[in-house]
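This report concerns only the one structure given below.
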Number of protein chains: 2
Amino acid sequence: MRTVTIADVAKHAGVAVSTVSYVLSGKRAISATTSQRVMQSVRALGYHPNAGARALASKRSNVIALVLPLRAGMHLPVLMQFATSVVTTARQFDHDVLLMTADEGPDGLRRVAASALVDGLVLMDVEIHDPRVPLLRELEEPSVLIGFPADASGLTCVDLDFARAGAICADHLASLGHREIALLGAPNVVYKRGTGYAERTMEGFVEAGQAHGMTAVAWPCEESFDEVCATVKALLEEHPALSGLVVHNEAAVGHVLGALRVLGKRVPEDMSVVAICPDDVAERASPPLTSVLIPAADVGHQAVRLLMAKLEGSTVPPATLLEPRLTIRQSTRKH
Amino acid sequence: MRTVTIADVAKHAGVAVSTVSYVLSGKRAISATTSQRVMQSVRALGYHPNAGARALASKRSNVIALVLPLRAGMHLPVLMQFATSVVTTARQFDHDVLLMTADEGPDGLRRVAASALVDGLVLMDVEIHDPRVPLLRELEEPSVLIGFPADASGLTCVDLDFARAGAICADHLASLGHREIALLGAPNVVYKRGTGYAERTMEGFVEAGQAHGMTAVAWPCEESFDEVCATVKALLEEHPALSGLVVHNEAAVGHVLGALRVLGKRVPEDMSVVAICPDDVAERASPPLTSVLIPAADVGHQAVRLLMAKLEGSTVPPATLLEPRLTIRQSTRKH
DNA sequence: GAGGTCTGTCGAAGCGCTTCGACGGTGTAT
DNA sequence: ATACACCGTCGAAGCGCTTCGACAGACCTC
């Protein structure tokens, strides 16, 4: 069973090869009757254009690269959500997604770009000083970054507005009358790496808190139960009047709740808790947590949308910040 | 800056195009001096073969498809680990990975296969009665499945030996002198879907338990804290003498521990707990849990290895079961 | 009704690579 | 010396597709 080529379709439909191509691509006007006849032949023969040939002739592979970090300290479920939305959106634009890990480094990017394997790139978890960033500027292929490097000039970046997310948490707690609040963040290693979003959340939180005249502190937080316990305990010792807690660490959310239970702090009676995490984690907790959603699906969608626009030659805004959304559940109350 | 082609390299090195090709592929003997000269030119010009042209001429894209489920009830982190190992292993074989979600269904597979976009497929989370399975048999492209459909004839499947995993847990608890044990499994929806691994774990657990003359029961378990609490409570009411608990639900592991704490059961003094989950989750818990590792990385590695073997025309075993490994930590003790 | 403009279709020229058969040149056996 | 094998290299023929220029015919316009 030799695979069906465009020539087979052309013969079957009684037209020229180029006509079939134009019917399929719509790049030239074709009469309705011819078009129908061709489409019928396509279906009858089960024709699927050969991706390699198409790429070779058109200089477009219709594949984009998705570069995921896959390192310690990442929020895996969020990542997955994100990847899903990238794939789904890409398919809507008739593109497929090549999955790459960051550990091939800049060479990996160069390889797929230079070999014309992909038309464009979406990179996740970009670091403040990322060795891949200078390369991206050189590349012919357009790219979109999730997150912001220190120097974002000449690049297209998308991200949740983490500073706003931190600020929104502080605002919410302020509006409830809390005066002393804290944020528990990512593990230390994430800050060391300079990933950016963690810092920005902290800054937004602290600034907003101070603007409200509150005492607002931000601590990193490891992810094991025992360490979370120790951190929460230390935090309470240093700030006995603490009544509002923001947790920006998906893996630690459950542990923080457990720790508060162990330390005899009821939620929300003694301590209001806001989480920055996906909705399902917040809903699954007990009590269900007031949370700021990380709109992973939206970020992925926007990233692909921007990339497609660039592929078509449009100019796009260099920075796209997605507005965080607070959902009030049962873990926060008036103080 | 036009992209460098093999003709440029040939001219630069003063040889024929075909000679360059043979140097690069090693498919014919080339003298050391010529070979070196060519490689120098390759480096000097920064040559990267065009993937489309290569695929067209050689009928090999050097890309494999990875089909992930991305549905409710999956253990996301495990999935991610798995994906990583697939990508890494594929790269070792000089292949890239195309990421697909299951929601395009069989058509998606047909599309990438018929378009010669990929040379082979790795499918995850195969269901007992999976609509994609019959299609796989028809496809020219080889494939490897993670998990076992009801009818695995003509297919190549890899998986953790979940029945053994369940059994090992029961064995371990038996050896510690426990007489009444239970397994908390996946949410009900997973069983309804007929994913296979969940059932097999339960069966292995129950059979081994009975073989030891123990009372062994298996319950499904939802993933919210409150529902976990209710389930554990109901379980203890029905089996007051219960002293060993196996949790095969990554998302619920933390909640089960919390629930036991709430119900006044100490671990391991009053209740031995074994988890079937990745090591990091077990280590992060308090106390660190005795656990059976799901060797996601290994499964991914094996899957790719088998696929590559099939691509080279070797025949491979139809079923590969990976042996689970019990790591004893601090959550189990003599009864 | 001559000239011009569209429309719809065709043929052919690549795109950059692999691979097959051919062919000098060198080494080995007769 | 002759025959033969083999080694290293070359040239050319595709792989299946897109796209450009050409062109016949239909339709206007003055």
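The sequence lines fix the lettering, A, B, ..., with proteins before strands; numbering per chain opens at 1.
Applying the side chain to side chain contact (heavy atoms under 4.5 Å, CB included) test between A:Val118 and each of A:Val63, A:Val97, A:Leu66 identifies A:Val63 as the sole match.
The CG atom of B:Leu45 sits 11.5 Å away from the OG1 atom of B:Thr3 when rounded to the nearest 0.5 Å. If you take CZ on A:Arg111 and OG on A:Ser115, they are separated by 6.5 Å, rounding to the nearest 0.5 Å.
Checked by atom type and distance alone, the side chain of A:Ser21 never pairs as donor or acceptor with a backbone atom of A:Val17 at under 3.5 Å.
In terms of the side chain to side chain donor-acceptor pair (under 3.5 Å) criterion, residue partners of B:Thr89 (sequence neighbours excluded) are, by chain and number, B:His301. For B:Ala309, the side-chain contact (heavy atoms from CB on, under 4.5 Å) partners at least two apart in sequence or on another chain are B:Ser314, B:Val316.
Computed from C1' positions of five pairs at each end, the angle between the two local axes of the helix from C:dG1-D:dC30 to C:dT30-D:dA1 equals 40°, rounded to 10 degrees.
A residue-by-residue look at B:Ala57 and A:Lys59 shows that A:Lys59 has its nearest nucleotide of DNA chain C further toward the 5' end. Comparing B:Tyr22 and A:Lys27 along DNA chain D, the residue whose closest nucleotide (by nearest heavy atom) sits nearer the 5' end is B:Tyr22. Checking B:Arg28 against B:Tyr47, the closest nucleotide of DNA chain C that is more toward the 5' end is the one next to B:Tyr47.
Inter-residue side-chain proximity for B:Val112 and B:Met100 is flagged as met; some heavy-atom pair is nearer than 4.5 Å. Between A:Thr156 and A:Lys310 the shortest side-chain heavy-atom distance falls below 4.5 Å.
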Subject >> side-chain contact (heavy atoms from CB on, under 4.5 Å) assessment of B:Asn62 paired with B:Asp96 >> reply: CA-CA 6 Å; B:Asn62 275 35; B:Asp96 280 290; over 6 Å; no

Subject >> Steps toward side-chain contact (heavy atoms from CB on, under 4.5 Å) verdict (B:Leu322, B:Val299) >> reply: CA-CA 7 Å; B:Leu322 267 39; B:Val299 174; 3.6 Å; yes

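If you walk DNA chain C from 5' to 3' and mark each nucleotide with an atom closer than 4.0 Å to a heavy atom of chain B, the marks span C:dG16 to C:dA22.
Side-chain atoms of A:Thr34 and A:Ser31 include a donor-acceptor pair closer than 3.5 Å.
Listed by residue number, the members of residues 29-40 of chain A with any heavy atom below 4.0 angstrom from DNA chain D form an empty set. Near DNA chain D, meaning a heavy atom under 4.0 Å from it, residues 13-21 of chain A has A:Val17, A:Ser18, A:Ser21 in order of number.
Under 4.0 Å is where a charged nitrogen must lie from a carboxylate oxygen, and between A:Asp298 and A:Arg305 no such pair does. Salt-bridge formation is detected for the pair A:Arg110/A:Asp107: a Lys NZ or Arg NE/NH1/NH2 atom is positioned less than 4.0 Å from an Asp or Glu carboxylate oxygen.
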